[in-house]
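None of the values given here were measured: they were computed from a predicted structure. Protein chains get the first letters and strands the later ones, always in sequence-line order, with residue 1 at the start of each.
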Protein chains: 2
Amino acid sequence: MKQKAIELLNSVNLRQTQPRVAILTVLLKAPAPVTQEQIAEQIGDSAPNKTTIYRTLMNLVEKDLVHKAYLQERTWHFELAHHCGQHQCHPHFTCSECQQTQCLPEVSMPLVKLPKGYVMERQQVRIEGICCDCRENK
Amino acid sequence: MKQKAIELLNSVNLRQTQPRVAILTVLLKAPAPVTQEQIAEQIGDSAPNKTTIYRTLMNLVEKDLVHKAYLQERTWHFELAHHCGQHQCHPHFTCSECQQTQCLPEVSMPLVKLPKGYVMERQQVRIEGICCDCRENK
DNA sequence: TTTAATATGCAACTGAGTTGCAAAAACAGA
DNA sequence: TCTGTTTTTGCAACTCAGTTGCATATTAAA
Ligand SMILES: [Zn+2]
Ligand SMILES: [Zn+2]
Ligand SMILES: [Zn+2]
Ligand SMILES: [Zn+2]
């Protein structure tokens, strides 16, 4: 994992620093989009300052290694981009009961046909509903 | 417009107050999702306090007259829900150059097939790209 | 090594949305 | 129309997530 993180950094010419490796390692393991705070928690005592985490995430987004996930929440969530298609990531499902968000990586959606003259860069889909667990416990 | 606003309020049993009528009137006229601040600007000097605007918008969302638009921006944007389907609103296009957002009301998308046991409440699509104007002026 | 370029940590700041509470407006009943 | 109760509003102070400026530390190239 750590090795993979280092490779990713090299591949986009970002200097290999402790914070970056640690943050990328968390992202590599995460099953769903994570916040700055969750990243810090995961890393534990040696976690970088929150400013550094944000700056690192923004660097990674700029290099297109990471995407900001499209959730309707106040706090930003990030995930690795390595499984996204050129113009589309997988949809995200957020349960309106328990607020948990899940990736739906296997789903693919057609791209919206834009009006003439427009260029598509990225399409994102968000779904709100009740998750399986919450539905049963009602 | 104002008349229509009053009707809408009555239809969901919300008391008819000046702020609510004014805010709904702005929403009825808006061609794209608007923020608290834009609503205040539109109303002008007699605009309600921002707390009131937020509270009103949340009331209207609760009654499903209004939806919070899912744009990847820090500030919340709202629009009338009256043209949304049961499980899906129209997609929104945001230009990464000029940051303008447009509704794409005529586009319809298939609903994602959720895993067994999940309930779909609402699906939303967001598109990022370059708008026609920005593309020409480059 | 040494050095120049880049990244980090810290503390103070910003801006959007929230909270608590007293004053004002809505509306139902007399 | 008046009255009383309920609901809504305005204000000021607050919160929370993310940002900024700048001094210090780290990186990696020479
Ligand atoms: Zn749930
Ligand atoms: Zn995901
Ligand atoms: Zn544009
Ligand atoms: Zn719209």
Please test A:His67 against A:Arg122 for side-chain contact (heavy atoms from CB on, under 4.5 Å), starting from the C-alpha separation and ending with a verdict. CA-CA 11 Å; A:His67 285 160; A:Arg122 195 148 70 109; 3.1 Å; yes

Begin from the C-alpha positions of A:Asp64 and A:Val12 and carry the test side-chain contact (heavy atoms from CB on, under 4.5 Å) through to its verdict. CA-CA 9 Å; A:Asp64 207 42; A:Val12 295; over 6 Å; no

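- Evaluation of the ring pair (Phe, Tyr, Trp, His ring centres under 6.0 Å) test over residues 97-134 of chain A, restricted to residues two or more places apart or in two chains, returns A:Tyr118-B:Phe93.
- Both the sub-6.0 Å distance and the 45° axial angle are not jointly satisfied by B:Arg126 relative to the ring of B:Tyr70.
- Remark: C1' of C:dA5 and CG of A:Asn13 are 14 Å apart, rounded to the nearest angstrom.
- For B:Thr75 and B:Thr35, the side-chain atoms include no donor-acceptor pair closer than 3.5 Å.
- Under 4.0 angstrom from either OP1 or OP2 of C:dA16 there lies no side-chain N or O belonging to B:Thr75.
- Side-chain N/O atoms of B:His90 and B:Glu79 include a donor and acceptor closer than 3.5 Å.
- Between the P atom of D:dT8 and the CD1 atom of B:Ile23 lies a distance of 13 Å, rounded to the nearest Å.
- The stretch residues 27-40 of chain A does not touch DNA chain C, since none of its heavy atoms comes less than 4.0 Å from the strand.
- The CG-P distance, from A:Asn59 to D:dG18, rounds to 16 Å in whole Å.
- As rounded to whole Å, 12 Å separates atom P of C:dG9 from atom CZ of A:Arg20.
- Nearest heavy-atom pair across A:Val61 and A:Lys68 is CG2-N, 4.4 Å.
- Atom P of nucleotide D:dT8 and atom CD of B:Glu62 are separated by 11 Å, given to the nearest angstrom.
- Across the helix from C:dT1-D:dA30 to C:dA30-D:dT1, the helix axis at one end is tilted relative to the axis at the other end by 30° (nearest 10 degrees, each axis from five pairs).
- With 3.5 Å as the limit, one finds a donor-acceptor pair spanning the side chains of A:Ser96 and B:Glu121.
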Distance-only criterion, 3.5 Å: show the donor-acceptor pairs between side-chain atoms of residues 19-33 of chain B and protein atoms not counting sequence neighbours.
| unit_1 | atom_1 | unit_2 | atom_2 | d |
| --- | --- | --- | --- | --- |
| B:Arg20 | NH1 | B:Arg15 | O | 3.0 |
| B:Thr25 | OG1 | B:Val21 | O | 2.6 |

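- Taking atom CD1 on A:Ile53 and atom P on D:dT19, their separation rounds to 13 Å, with Å as the unit.
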For nucleotides 18-30 of chain C, just jot down a letter per nucleotide in 5' to 3' order: B, S or -, based on protein non-hydrogen atoms under 4.0 Å. BBB-----BS---

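- If you take CG of A:Asn49 and P of D:dG21, they are 16 Å apart, rounded to a whole angstrom.
- Taking atom CD1 on A:Ile6 and atom P on D:dA28, their separation rounds to 10 Å, with Å as the unit.
- Listed by chain and residue number, nothing satisfies the ring-ring contact (aromatic ring centres under 6.0 Å, His included) test with A:Tyr54 (two or more places apart in sequence, or in another chain).
- Residue A:Glu7 qualifies as enclosed at atom CD: its count of foreign heavy atoms under 6.0 Å is above 12.
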